[in-house]
Number of protein chains: 2
Amino acid sequence: MSDAPTQDLAAYFAQGDALEAPDGACLFRPGDEGRAFLIVKSGAVRVEQTNSAGRTVVLYRVEAGDSCVLTTTCLLSGKPYSGYGYAEGAVTAVAISANRFKSLLASDNQFQELVFRGFAARVGELTDVIDDLLEHRTDLRLARWLARRGKGQLRMTRQELAQELGTAREVASRTLKSFERRGWISISRGSVDILKPDALEAYGNAL
Amino acid sequence: MSDAPTQDLAAYFAQGDALEAPDGACLFRPGDEGRAFLIVKSGAVRVEQTNSAGRTVVLYRVEAGDSCVLTTTCLLSGKPYSGYGYAEGAVTAVAISANRFKSLLASDNQFQELVFRGFAARVGELTDVIDDLLEHRTDLRLARWLARRGKGQLRMTRQELAQELGTAREVASRTLKSFERRGWISISRGSVDILKPDALEAYGNAL
DNA sequence: AAAAACTATGTGACAGTGTCACTTACATAG
DNA sequence: CTATGTAAGTGACACTGTCACATAGTTTTT
């Protein structure tokens, strides 16, 4: 994925309009039309899906150099977005209009490759989310999620953590508490300190 | 989707090798390498995902004229398949080798469009599955699923029905029973007869 | 045709999730 | 220092997913 030389991207940055968004800004929401193809230059975009009942799950993050499948899907199918996109950190991106997108896609093989690679990577992440949602043991899912972050402090609320996994705040709360009792993490208002990622990893993958 | 003239496809049928599979055959399984791009000519391919615990959900079906994202993703990323593909009905398909796929993609805009359209459609289906899995009320999900089929008899076991939704056989069993008590369906070994799709629809979308 | 061997279903118990309706703690703007 | 809003904890409870079997249709074998 990251073997895409960032220099190559520079050529496309010139093809579109610069776009900036502050931390936390909403870049798109369900119902919006996909108007432009987005390539992220800095910061990240957190893409979430919320179902009719209001339950939310994080699908993936679009980091610098990546593009967003949902956006591409919307451009290609003409359907509106089905999820939300929020800026994480100050985001700078390049927006390439639908028309230019289509002509680049038809003429530039390298651009095509860029788009496809992004597509393939995201589809993989979507199937990972499905895999994870099929597992109903939230404690195992949370343990694995925390283990993946590795040792260190996470500044996020229980609510945000719950949304990463597509579960409820109360459940995240209870589960974190049980992990703290075991000494694997230390929690306080608005933050979780991961102390023993290995223990969490082992717990998350236990039979 | 179906506005893709099937005549256009005929041109690509000549580019690859014919492939046939009987009803129920397994076309690919997790770990297999994506060796060729597949376009389905007749029959359908049911694509499923099974997580480590063995719980399975149907991701989507690839019908005549469609291609499979998982396959495309594998070809493009070089990673093995993450799901299963089974023939539903006698399947005939055309397999286009990875090399020819890449050269067609680079040279033929219409082929590109075909691939992209397939991609966009499947991604939409994947996000639908995620949407559905976020809803934990299995009775509502099952009601909606049945309502979508419309009136008529379905020849499938509880186990198969459960896998469509990514739930357990016992749960599907119980829930079907409760629908039968309400007179919405009639069940027997290996089949479900949908009597009142409207009632199921209403129940499935109730607050 | 009767027995054996499958395959599909039904059941009751139980742990664990998700939801509700509040309560309790922090944090910060006046 | 109080008010006001945001974050987190709680106990009760319905519902799912799982287990361990009990049953009941189907096919194969003798």
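Only a predicted model underlies this, so the values are computations on that prediction, with no experimental measurement involved. Quick note on labels: first sequence line is chain A, next is B, and so on, each numbered from 1.
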*So which of residues 174-183 of chain A are in contact with DNA chain D, with a heavy-atom cut-off of under 4.0 Å?*
A/Arg174, A/Lys177

*Protein-nucleotide distance (B/Arg141, atom CZ; C/dG18, atom C1'), rounded to Å*: 14 Å

*DNA chain D contacts among residues 151-159 of chain A, heavy-atom distance under 4.0 Å*: A/Thr157, A/Arg158

*In sequence, state the C-alpha distance, the side-chain angles, and the governing distance for B/Phe111 and B/Phe37, and then conclude on ring pair (Phe, Tyr, Trp, His ring centres under 6.0 Å).*
CA-CA 12 Å; B/Phe111 183 72; B/Phe37 178 71; 5.6 Å; yes

_B/Arg158 and B/Ile187, any side-chain heavy atoms less than 4.5 Å apart_ = yes

_Counterpart residues, side-chain contact (heavy atoms from CB on, under 4.5 Å), relative to A/Lys41 (two or more places apart)_ = A/Phe13, A/Thr92, A/Val94

*Residue A/Arg55, side-chain atoms from C-beta onward, closest of C/dG10, D/dC19, C/dG18*: C/dG18

*asked:* Do B/Tyr60 and B/Asp128 pair up side chain to side chain, a donor and an acceptor below 3.5 Å, judged on atom types alone?
replied: no

_Nearest-Å distance for atom pair CG/P, residues B/Leu140 and D/dC15_ = 10 Å

*Around atom CD of A/Glu88, are there more than 12 heavy atoms of other residues, nucleotides or ligands at under 6.0 Å?*
yes

Check: protein-nucleotides 21-28 of chain D nitrogen or oxygen pairs below 3.5 Å:
none

_B/Phe28 side chain reached by B/Cys68 side chain, heavy atoms, under 4.5 Å_ = yes

_In this structure, how many angstroms lie between the C1' atom of D/dA8 and the CD1 atom of A/Ile187, rounded?_
9 Å

*asked:* I want to check a possible cation-pi pair here: B/Arg141 against B/Trp145, using under 6.0 Å from ring centre and within 45° of the ring axis as the test.
replied: no

*For the atom pair CD (B/Gln15) and OH (B/Tyr12), what is the distance rounded to the nearest 0.5 Å?*
8.0 Å

_N-O pairing of B/Lys177 and B/Glu180 below 4.0 Å_ = no

_Using whole Å, what does the distance between atom P of nucleotide C/dG18 and atom CG of A/Leu142 come to?_
11 Å

*Identify whether the distance between the nearest side-chain nitrogen and carboxylate oxygen of A/Asp198 and A/Lys196 falls below 4.0 Å.*
no

*Does B/Thr167 put a side-chain nitrogen or oxygen below 4.0 Å from OP1 or OP2 of D/dT16?*
no

_Is there a side-chain contact (heavy atoms from CB on, under 4.5 Å) between B/Asp139 and B/Tyr203? Walk through the geometry before answering._
CA-CA 9 Å; B/Asp139 54 344; B/Tyr203 180 78; 2.7 Å; yes

*asked:* Report for the helix from C/dA1-D/dT30 to C/dG30-D/dC1: angle between first-end and last-end helix axes, five pairs each, rounded to 10 degrees.
replied: 20°

*Distance, rounded to the nearest Å, where B/Tyr203 contributes OH and D/dC15 contributes C1'*: 11 Å

_side chain to side chain donor-acceptor pair (under 3.5 Å) assessment of A/Thr71 paired with A/Tyr81_ = CA-CA 7 Å; A/Thr71 301; A/Tyr81 283 100; 3.1 Å; yes

*Within this structure, what is the CG-to-P distance between A/Leu165 and C/dT17, rounded to whole angstrom?*
12 Å

*List in numerical order all residues of residues 129-138 of chain A for which some heavy atom is under 4.0 Å away from an atom belonging to DNA chain C.*
A/His136, A/Thr138

_Basic-acidic side-chain contact under 4.0 Å: B/Glu63, B/Arg61_ = no

*Of the candidate nucleotides D/dG17, D/dT10, C/dG10, which contains the atom at the shortest distance from the side chain of B/Val171?*
D/dG17

_Lys/Arg N to Asp/Glu carboxylate O, A/Arg144 vs A/Glu135, below 4.0 Å_ = yes

